Novice: 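Pasting a structure here, questions to come.
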Amino acid sequence: MRIIYIIPIIVFCIWLSLKFKSLLGRKRNIKLFRDNIIQRNKTIQRFNERYFDKLLTCPDINIKICSSDTEESLIEKANIHRSRLSKFGKSKMRGKIYYKGSRGGIYIYTKNGNKKYV
């Protein structure tokens, strides 16, 4: 007679333990997903830092400006362009090489070889 009362309790305990494990699994999956996104964002940020450092060191690398760039990215690229002009006296942006003149003006060379001040 007592076995009849114990069996439902055992079944309930097994069901409860399985339910608890599935809840822990969901929490673990959510944590793994969140950690994966954070890691991707850090990787993208590191890539951008390396790219901007490379742009700073070489004025012959083209600075590409896209319509999908964020405002933050555009400001960073403009600052890199200005710093390259002041450091090296030239900077390539949007496929054109800009030069800094002796009096401080910025110009490009036309097809004829003439200077065109911007």
Side-chain angles (χ1 to χ4, degrees):
M1 193 80 157
R2 290 184 178 176
I3 293 179
I4 295 174
Y5 296 117
I6 295 175
I7 291 176
I9 293 172
I10 292 173
V11 169
F12 178 74
C13 291
I14 291 172
W15 176 81
L16 190 62
S17 67
L18 291 175
K19 190 69 172 171
F20 186 69
K21 282 184 181 179
S22 68
L23 288 176
L24 285 178
R26 286 182 196 156
K27 287 181 181 179
R28 194 180 107 242
N29 288 342
I30 290 170
K31 185 181 181 313
L32 288 173
F33 180 74
R34 187 181 313 129
D35 292 345
N36 191 9
I37 288 177
I38 290 170
Q39 185 177 3
R40 282 183 188 168
N41 288 341
K42 286 182 181 178
T43 303
I44 290 169
Q45 186 178 9
R46 263 189 267 126
F47 174 77
N48 285 337
E49 287 173 2
R50 287 182 194 153
Y51 175 68
F52 288 137
D53 288 343
K54 189 175 181 181
L55 284 177
L56 277 171
T57 58
C58 184
D60 296 324
I61 298 175
N62 189 23
I63 297 176
K64 297 175 186 172
I65 295 180
C66 304
S67 59
S68 62
D69 285 342
T70 61
E71 183 179 353
E72 216 174 79
S73 175
L74 290 173
I75 291 170
E76 182 81 21
K77 289 178 179 181
N79 289 338
I80 289 171
H81 179 63
R82 283 190 209 110
S83 68
R84 292 194 321 186
L85 279 172
S86 64
K87 184 177 181 180
F88 300 108
K90 67 178 184 175
S91 178
K92 188 171 186 179
M93 183 174 194
R94 297 169 130 185
K96 297 178 183 177
I97 298 179
Y98 294 85
Y99 297 93
K100 185 176 181 184
S102 57
R103 296 184 196 169
I106 297 172
Y107 60 90
I108 58 173
Y109 283 109
T110 61
K111 293 179 183 176
N112 310 9
N114 298 333
K115 293 180 182 178
K116 179 182 176 185
Y117 283 87
V118 184

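Since the model is a prediction, treat every value here as computed from it, not as a measurement.
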Novice: Just verifying a value: how many Å separate F88 CZ and L56 CG, rounded to the nearest 0.5 Å?
Specialist: 8.0 Å

Novice: To the nearest 0.5 Å, how far apart are NZ in K96 and OG in S91?
Specialist: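 Result: 13.5 Å between the selected atoms.
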
Novice: Could you give the distance from CG (D53) to SG (C58), rounded to the nearest 0.5 Å?
Specialist: 13.5 Å

Novice: Report the distance from atom OG1 of T43 to atom CG of N48, rounding to the nearest 0.5 Å.
Specialist: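 That separation rounds to 11.0 Å.
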
Novice: To the nearest 0.5 Å, how far apart are CZ in R82 and CD1 in I106?
Specialist: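 Rounded to the nearest 0.5 Å, the CZ-CD1 separation comes out at 8.5 Å.
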
Novice: Determine, using the 4.5 Å side-chain heavy-atom cutoff (strictly less than), whether I75 and Y98 are members of one ILVMFWY cluster.
Specialist: no

Novice: Stepwise, does the side chain to side chain contact (heavy atoms under 4.5 Å, CB included) test hold for R84 with I63?
Specialist: CA-CA 11 Å; R84 292 194 321 186; I63 297 176; 3.4 Å; yes

Novice: For residues K115 and Y109, determine if any side-chain heavy atom of one lies less than 4.5 Å from a side-chain heavy atom of the other.
Specialist: yes

Novice: Working to the nearest 0.5 angstrom, can you tell me the gap between N62 CG and I97 CD1?
Specialist: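 Taking CG in N62 and CD1 in I97, the distance rounds to 9.0 Å.
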
Novice: Mind checking whether V118 and I65 sit in one hydrophobic cluster, side chains of I, L, V, M, F, W, Y counted as touching below 4.5 Å?
Specialist: yes

Novice: Looking at P59 and T57, what are the two nearest heavy atoms and their distance?
Specialist: CD-O, 4.0 Å

Novice: Would you call the rings of Y107 and Y99 parallel, tilted or perpendicular, taking 30° and 60° as the class edges?
Specialist: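 Plane angle under 30°, so parallel.
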
Novice: If you apply the rule side chain to side chain contact (heavy atoms under 4.5 Å, CB included), what do you find for Q45 with E49, and how did you get there?
Specialist: CA-CA 6 Å; Q45 186 178 9; E49 287 173 2; 3.8 Å; yes

Novice: Between D60 and K90, is there a side-chain N and carboxylate O pair less than 4.0 Å apart?
Specialist: yes

Novice: Which heavy atom of K100 sits nearest a heavy atom of L85, and at what distance?
Specialist: CD-O, 3.7 Å

Novice: Measuring only between side-chain heavy atoms, which start at C-beta, is F52 closer than 4.5 Å to K77?
Specialist: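 Yes, side chains in contact.
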
